[in-house]
Amino acid sequence: MTPIELHLNLESSGLNSEEKAVLEKAMEIRKASATYLEQDKYLEAMERTVAALKEMHEFPDYKNADFRLLFVALLFDLAEIHYRLKNYKQSEKDVETLFKVLDNLVKTDNERFAQYHILAMELSTRILRSRKKAMDLLVKQQIATGSLYEKVNSGLTAATDKLVDSLCKSAELLAATGDVRESLKFYAEAIKYSKKRTGRVTRKEVKMTIEMAEVMMRQRSMQPRAKRLLNAILPHAIALEATGMEQDILSLIDVIDAAEQPETKWRVFLHKVVNAAKSKFKSKKDSKD
């Protein structure tokens, strides 16, 4: 995944030193995020992208075109990251916000901003197609899961591993379609059967628990519960010397800790940026009339 390129010239933008500093800091954080994107480390990239968006709060003029273009780029990054994490529902929401800001930018300067609109349309199409595909696959997957339940219940222990994998696949597809709570039920069921088979916590149970926590994090109200789950599974990852999983757990905890901005304040920020974009376009239109 390659982040969209920005064409900003802060030296000739007429911004004062403090305003430049805010945008430069946000762009610096975005570069760090791009490094993680190149390595397909989406959780780390998301953490930096959120940090860059928070930095944008400090900019005084939400009507400024360079501010809004950088804001659009960060929203685009966030939508792509959620898409890569198969969180299609959240990715759709990101794109909706992206279009609200971008549509008015295109109206003010089509030549400069039209290319970003095309990229956003392409992403939106990919999200919708992937979500539909996930829903279609879910139907088939649940039929297969039901068949495996019958085999396990009839005493075929060899079918347990397949059942666990099938339950995890169903959980992943449910999460992709936006049904978080149902997805968590399937993950819990998969972990229960897996533990019953092994009698201990293995790398497989750690991996499933991490995936379960990732799904919980999609709802702000569940993030404290996700953090508790991650802290509980962390000692097992350390004991198993599963360094990669240990790093994933710590990254997820960092993402939760970084989400300190209350939801209401975040919505107010988005609302202000969108309204500023609309008023900028309206004032420009009125001056022409």
Side-chain angles (χ1 to χ4, degrees), residues 1-3 29-52 77-91 130 134 137 141 160-176 180 183-219 222-260:
M1 172 185 160
T2 304
I29 299 172
R30 187 172 185 251
K31 284 182 180 178
S33 175
T35 301
Y36 285 114
L37 288 175
E38 290 174 359
Q39 301 169 13
D40 293 337
K41 294 182 177 180
Y42 301 121
L43 296 176
E44 291 87 344
M46 180 165 62
E47 182 185 352
R48 270 67 177 183
T49 301
V50 170
D77 293 346
L78 199 60
E80 268 284 9
I81 292 167
H82 281 131
Y83 172 77
R84 296 295 178 174
L85 290 170
K86 298 183 180 179
N87 188 353
Y88 302 134
K89 187 175 182 180
Q90 184 57 53
S91 190
S130 297
L137 287 172
Q141 189 64 41
T160 302
D161 280 342
K162 290 184 179 179
L163 174 61
V164 170
D165 291 341
S166 186
L167 287 167
C168 282
K169 185 62 178 178
S170 294
E172 180 185 320
L173 291 168
L174 281 162
V180 170
S183 171
L184 295 177
K185 291 179 183 178
F186 274 78
Y187 272 122
E189 189 82 348
I191 293 169
K192 181 186 77 173
Y193 272 94
S194 189
K195 281 184 178 179
K196 186 177 179 180
R197 184 189 66 79
T198 61
R200 59 190 178 89
V201 176
T202 67
R203 288 172 178 259
K204 189 166 188 175
E205 287 78 52
V206 173
K207 182 176 181 294
M208 289 187 290
T209 304
I210 293 172
E211 291 172 355
M212 188 177 183
E214 287 177 335
V215 173
M216 286 181 184
M217 288 170 61
R218 298 181 186 184
Q219 293 190 0
M222 288 188 179
Q223 288 184 1
R225 181 182 166 192
K227 185 176 180 179
R228 290 194 297 271
L229 188 62
L230 290 166
N231 280 321
I233 203 65
L234 180 57
H236 293 285
I238 295 172
L240 291 165
E241 298 182 352
T243 306
M245 291 182 185
E246 181 184 343
Q247 291 176 346
D248 287 344
I249 292 169
L250 293 173
S251 294
L252 286 170
I253 292 173
D254 285 343
V255 170
I256 295 172
D257 288 341
E260 297 172 350

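Count residues from 1 along the sequence.
Two residues are said to be in side-chain contact when any heavy atoms from C-beta on lie closer than 4.5 Å; Gln90 and Leu85 fail this criterion. Between Val255 and Val50, every side-chain heavy-atom pair lies at or beyond the 4.5 Å cut-off. Taking 4.5 Å as the limit, some side-chain heavy atom of Tyr187 sits within range of a side-chain heavy atom of Glu172. Counting only heavy atoms from C-beta outward, the side chains of Thr35 and Lys31 never approach each other to under 4.5 Å. At a threshold of 4.5 Å between non-hydrogen side-chain atoms, the residues Leu167 and Ile191 do not count as touching. When side chains are defined from C-beta on, Leu230 counts as touching Ile256, because their heavy atoms get closer than 4.5 Å. Using a 4.5 Å heavy-atom threshold, the side chains of Lys185 and Glu189 count as separate.
To the nearest 0.5 Å, atom CD1 of residue Ile238 and atom CE of residue Met245 are 13.5 Å apart. Interatomic distance, Leu229 CG to Met217 CE, rounded to the nearest 0.5 Å: 11.5 Å. Note: Glu47 CD to Lys41 NZ = 12.5 Å, rounded to the nearest 0.5 Å. The structure places CD1 of Ile249 at 4.0 Å from CD1 of Ile210, a figure rounded to the nearest 0.5 Å. Between atom CE of residue Met216 and atom CZ of residue Arg225 there is a gap of 3.5 Å, rounded to the nearest 0.5 Å. A distance of 11.5 Å separates CG of Leu43 from CG of Leu250, quoted to the nearest 0.5 Å.
Sorted by first and then second residue, the salt bridge (charged side-chain N to carboxylate O under 4.0 Å, His left out) pairs with a member in residues 198-210 read Asp165-Lys204, Lys207-Glu211; sequence neighbours excluded. Every pair passing salt bridge (charged side-chain N to carboxylate O under 4.0 Å, His left out) that includes a residue from residues 226-251 is listed here, sequence neighbours excluded: Lys227-Asp257.
At least one donor-acceptor pair closer than 3.5 Å links the side chain of Thr49 to the backbone N or O of Ala45. Under the 3.5 Å distance criterion, the side-chain polar atoms of Arg218 are left unmatched by any main-chain donor or acceptor of Lys89.
Minimum interatomic distance between Ser183 and Val215 (heavy atoms only, all atoms of both residues): OG-CG1, 3.9 Å. Taking all atoms of both residues into account, the shortest heavy-atom contact from Tyr193 to Thr160 is O-CG2, 3.9 Å. The minimum heavy-atom distance between Leu78 and Met46, with the atom names listed, is CD1-CG, 4.1 Å.
The residues Arg84 and Glu80 are annotated as salt-bridged, a charged nitrogen and a carboxylate oxygen being separated by less than 4.0 angstrom.
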After noting the C-alpha distance and the side-chain angles of Ile81 and Asn87, does the key distance pass the side chain to side chain contact (heavy atoms under 4.5 Å, CB included) rule?
CA-CA 9 Å; Ile81 292 167; Asn87 188 353; over 6 Å; no
Output, in order, the C-alpha distance, side-chain angles, deciding distance and verdict of side chain to side chain contact (heavy atoms under 4.5 Å, CB included) for Leu174 and Leu184.
CA-CA 9 Å; Leu174 281 162; Leu184 295 177; over 6 Å; no
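Ring centroid separation for the pair Tyr88 and Tyr83 comes in under the 6.0 Å cut-off.
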